[in-house]
Number of protein chains: 2
Amino acid sequence: MAGSQRREATLTAAAAVFARQGYHGATTERIAQAAGISQPYVVRMFGSKENLFLAVVDGCLEAVLDAFRAALDDGQPGTVASRLGSAYRALATEDGVHLIVMQSYMLGADPVIGPVARDGFTRILHFMVEEAGLSESAAESFLAKGMLINTLLGMRLGDQDDPLAQRFTQTVFGPDPAGPGPTDR
Amino acid sequence: MAGSQRREATLTAAAAVFARQGYHGATTERIAQAAGISQPYVVRMFGSKENLFLAVVDGCLEAVLDAFRAALDDGQPGTVASRLGSAYRALATEDGVHLIVMQSYMLGADPVIGPVARDGFTRILHFMVEEAGLSESAAESFLAKGMLINTLLGMRLGDQDDPLAQRFTQTVFGPDPAGPGPTDR
DNA sequence: GTCTATACCAAGATAGAC
DNA sequence: GTCTATCTTGGTATAGAC
């Protein structure tokens, strides 16, 4: 397999593992298994586990911003916020973009991952108000709902056997004209 | 030092470490240092790192619910949501209750921590609608803002050297009559 | 109740062959 | 481009003394 293609496949596999286990919980061995290659080769390709994680996070950030930009130009009806919400929903994939980003956010105290996480969030923030034209208040609501979605995904609230929890999950992820919707569950 | 007192002190130290590093990132050695005792003794007291984490999470959940219950009866002016928000704000301590809870939420895929995290969130949800009397929609807004706050705390957005990010942080944490406010930063 | 010493294992990284 | 073998470290847990 060609280098760049192998690299892509490994990034995808790594994303899925990092999404579930978090940075520290994930092992390069598990990532290697998911990618169908040997553990040392994973390390070899990216230099270190940390570098690999940063590459994954960067890819997710770009994916989110690309999806948002596309949503601004898609000529669909609805408010900007609702179109961005749909884009966020459509972004749902098995490799769990939302969870990767969230995992990086929870590592703000890490000297190397922390700054990257803050930069990424800041870029999204700037996109919201400068490119999408949302008010800062609207951006706050949008991002709050996004964080709620990410959190429910992370904890897998849908697995909870409780009527209220079930209904709540449905409501949050269900078609909602004013915010991000369902993702990868 | 008496057993129960030592236990409490260790739980507090562990909370601070788990809040910053997450479950997998934290080490019992670091917790021991923070508590001023030896690493094996930390393990001895709680049986395992996992048990210790579960004890910390449980303590945080109780702290949140206690604070919320107290806020319902405090006779302060304002809506229920704003009083709960103030309680959330007042809960701010060095040991980072908000981050502990959030770290547990991101471990939903873990076979033992996952169920505990879901149960905890479900209890808060039930409190909101059954004891506090919030509509499910109001509970969603409240929790969304709470998750945004937790996320900003986790990534330490306040450290970001960017005007918009700074302003956003201030807005989210600042006195807001309709949601949770500043916590431990 | 608390420590020191240590066993034991998992995991990231390196060396070097093919 | 990819593997096997292995080094090394760090981290949880146990044993046992004081």
Side-chain angles (χ1 to χ4, degrees), chain A residues 1-58 100 103-104 106-107 109-114 116, chain B residues 1-58 100 103-104 106-107 109-114 116:
Chain A
M1 191 182 256
S4 64
Q5 193 181 351
R6 177 69 76 189
R7 197 185 154 90
E8 274 311 306
T10 307
L11 281 170
T12 303
V17 177
F18 281 131
R20 295 177 94 85
Q21 328 260 87
Y23 173 65
H24 291 290
T27 68
T28 55
E29 173 62 44
R30 250 185 109 69
I31 291 167
Q33 287 173 344
I37 59 179
S38 71
Q39 178 269 330
Y41 192 31
V42 171
V43 174
R44 167 74 69 113
M45 265 190 290
F46 294 89
S48 68
K49 176 185 172 179
E50 189 174 67
N51 271 337
L52 170 56
F53 184 70
L54 293 176
V56 169
V57 169
D58 189 64
I100 298 284
Q103 298 283 8
S104 78
M106 288 311 289
L107 291 171
D110 185 283
V112 21
I113 299 175
V116 172
Chain B
M1 190 182 257
S4 63
Q5 193 181 350
R6 178 69 75 188
R7 196 185 155 90
E8 273 312 305
T10 306
L11 281 169
T12 302
V17 177
F18 281 131
R20 294 179 94 86
Q21 327 261 84
Y23 174 65
H24 291 290
T27 68
T28 54
E29 174 62 42
R30 249 184 111 68
I31 291 167
Q33 287 173 344
I37 58 179
S38 71
Q39 178 271 330
Y41 191 30
V42 171
V43 174
R44 165 76 68 114
M45 266 192 287
F46 294 90
S48 69
K49 176 185 172 179
E50 189 174 67
N51 270 337
L52 170 55
F53 184 70
L54 293 177
V56 168
V57 169
D58 190 64
I100 298 283
Q103 299 282 7
S104 79
M106 289 312 288
L107 290 170
D110 184 284
V112 22
I113 300 174
V116 172

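Just so it is clear: chains get the letters A, B, ... in the order the sequence lines come, proteins before strands, and each one is counted from 1. Note that this is a predicted model, so its numbers are computed, not measured. Heavy atoms only: backbone and side chains are in, while hydrogens, waters and symmetry mates are out.
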For A/I37 and A/R6, run side-chain contact (heavy atoms from CB on, under 4.5 Å): C-alpha distance rounded to whole Å, both residues' side-chain angles, the deciding distance at 0.1 Å, then the answer. CA-CA 9 Å; A/I37 59 179; A/R6 177 69 76 189; 3.4 Å; yes
Intermediate values then yes/no, side-chain contact (heavy atoms from CB on, under 4.5 Å), B/I113 and B/V57: CA-CA 9 Å; B/I113 300 174; B/V57 169; 5.9 Å; no
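Nucleotide D/dG11 holds its C1' atom 14 Å from the CZ atom of B/R30, rounded to whole Å. In this entry the distance linking CD of B/Q21 with C1' of D/dG10 reads 14 Å, nearest Å. Between the P atom of D/dT4 and the OH atom of A/Y41 lies a distance of 13 Å, rounded to the nearest Å. Rounded to an integer number of Å, the gap from CD1 of B/I37 to P of C/dC3 is 6 Å. We find that CD of B/Q33 is positioned 13 Å from P of C/dC3, with the value rounded to whole Å. D/dT2 atom C1' lies 8 Å from atom CZ of A/R6, rounded to whole Å.
Heavy atoms of B/M1 sit under 4.0 angstrom from primed sugar atoms or phosphate atoms, though from no base atom.
Using the six-membered ring where Trp is involved, A/F53 and A/F18 have ring planes that are perpendicular, over 60° apart on the 30 and 60° scheme.
For the pair A/H24 and A/L107, the minimum side-chain heavy-atom distance is below 4.5 Å. Looking only at side-chain heavy atoms (C-beta outward), A/T10 and A/M45 come within less than 4.5 Å of each other.
Contact record, A/I100 with A/A19: CD1-N, 3.6 Å, taken as the closest heavy-atom pair.
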One character per nucleotide, please: for nucleotides 11-18 of chain C, 5' to 3', B when the base has a protein heavy atom closer than 4.0 Å, S when only the sugar-phosphate does, - otherwise. SBBB-B--
